[in-house]
Amino acid sequence: MQNYLDLLQHILVNGTDKTDRTGTGTRSVFGYQLRYDLSKGFPLVTTKKVHLKSIIYELLWFLKGDTNIKYLTDNGVSIWNEWADKDGNLGPVYGAQWRSWEGKDGKVVDQIVDVINEIKRNPDSRRLIVSAWNPAEIPNMALAPCHALFQFYVSEGKLSLQLYQRSADVFLGVPFNIASYALLCMMVAQVCGLEVGDYVHTFGDVHIYNNHFEQVQKQLSRTPKALPTMKLNPEIKDIFGFDYEDFTLENYEPYPGIKAPVAV
Ligand SMILES: Nc1nc(=O)c2c([nH]1)NC[C@@H]1CN(c3ccc(C(=O)N[C@@H](CCC(=O)O)C(=O)O)cc3)CN21
Ligand SMILES: O=c1ccn([C@H]2C[C@H](O)[C@@H](COP(=O)(O)O)O2)c(=O)[nH]1
């Protein structure tokens, strides 16, 4: 994960200071790309301990099409608590757009089912896209989608995925986002009978919050360790059939965690 540390350093050196919606202030750059060959290990940051359990449950929650935090809190995951209303609702965020994008005349599009069918039927398609960015619905969402759109690509029997993230909290959110989409690529590859290719992460406004500078310096003083390995239960052939127990992480030996406040 040296390239993740390079991104932190790049922002510190080349970023400009900007105000932001949360009132915290950031140092930010516009445009950057990270790439991971998923056959070479699972891209989970090693220079601090990352809470993989939250990442897995959040991804399973997106795939269910769920947008209420109850499933997360029932499983000990609190990362969305600050944005939910008193009933736990977030409005039509990721899960709703992925699984039930509402079109004209009540037509409902399940983008996950559709994209998997298309990967199997027409792997050379250049339209293998899932979008959470539904402008008509954004006013009803607790937070506009940050990981806005992703595309699959098949070549030589390998499945790659590229994410476009319009806004990225590089210390807290990005380690979660990298691991989550790397995992999604592995899961879709398995259910489509493909090997894994590259995970490509493309950023818009990628920023370090002003109250994360100390934590970033601490991380930059650490030398990345070897990447861990992620094993999926090979029996699962349906993207909606995965449970938490179907994921096994091996050889993850990170440095201790580093606490940081989240900007709301
Ligand atoms: N400012 C901001 N940054 C984000 O990364 C972010 C948002 N807002 N809003 C929506 C979601 C929620 N996400 C979050 C929220 C909190 C943590 C966080 O506090 N992580 C800690 C604790 C991990 C845990 O409890 O599982 C960490 O050390 O990584 C991470 C991602 C990602 N998103
Ligand atoms: O998955 C996520 C979700 C959110 N973020 C960060 C990016 C920004 O710091 C905030 C969102 O604020 P906006 O004003 O809507 O851009 O949350 C993330 O990094 N990853």
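One-based numbering, in listed order, for ligands and for the atoms of each.
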Quick check: Tyr164 with Phe150 (ring centres under 6.0 Å apart)?
no
Please tell me whether Tyr4 and His201 form a close aromatic pair, meaning their ring centres lie under 6.0 Å apart.
no
N/O pairs closer than 3.5 Å, ligand 1 and protein:
from	atom 1	to	atom 2	distance (Å)
ligand 1	1 (N)	Asp169	OD2	3.4
ligand 1	1 (N)	Ala263	O	2.9
ligand 1	3 (N)	Asp169	OD2	2.7
ligand 1	5 (O)	Gly173	N	3.3
ligand 1	26 (O)	His51	ND1	2.6
ligand 1	26 (O)	Ser54	OG	2.6

With Lys225 as the cation and Tyr255 as the aromatic partner, state whether NZ or CZ is under 6.0 Å from the six-membered ring centre and within 45° of the axis.
yes
Between Lys231 and Glu250, does any NZ, NE, NH1 or NH2 come within less than 4.0 Å of an OD or OE carboxylate oxygen?
yes
Which residues pass the side chain to side chain contact (heavy atoms under 4.5 Å, CB included) test with Lys158, not counting sequence neighbours?
Glu195
When the ring centroid of Tyr209 is compared with that of Phe171, is the distance short of 6.0 Å?
no
Under a strict 4.0 Å criterion on non-hydrogen atoms, which protein residues are in contact with ligand 2?
Arg21, Cys146, His147, Gln165, Arg166, Ser167, Ala168, Asp169, Gly173, Asn177, His207, Tyr209
Pair Phe247-Phe242, ring-ring contact (aromatic ring centres under 6.0 Å, His included): steps then yes or no:
CA-CA 8 Å; Phe247 302 89; Phe242 286 96; 5.7 Å; yes
With ring centroids as reference points, do His147 and Tyr94 lie under 6.0 angstrom apart?
yes
Linking Ile, Leu, Val, Met, Phe, Trp and Tyr by side-chain heavy atoms under 4.5 Å, what else ends up with Val109?
Trp101
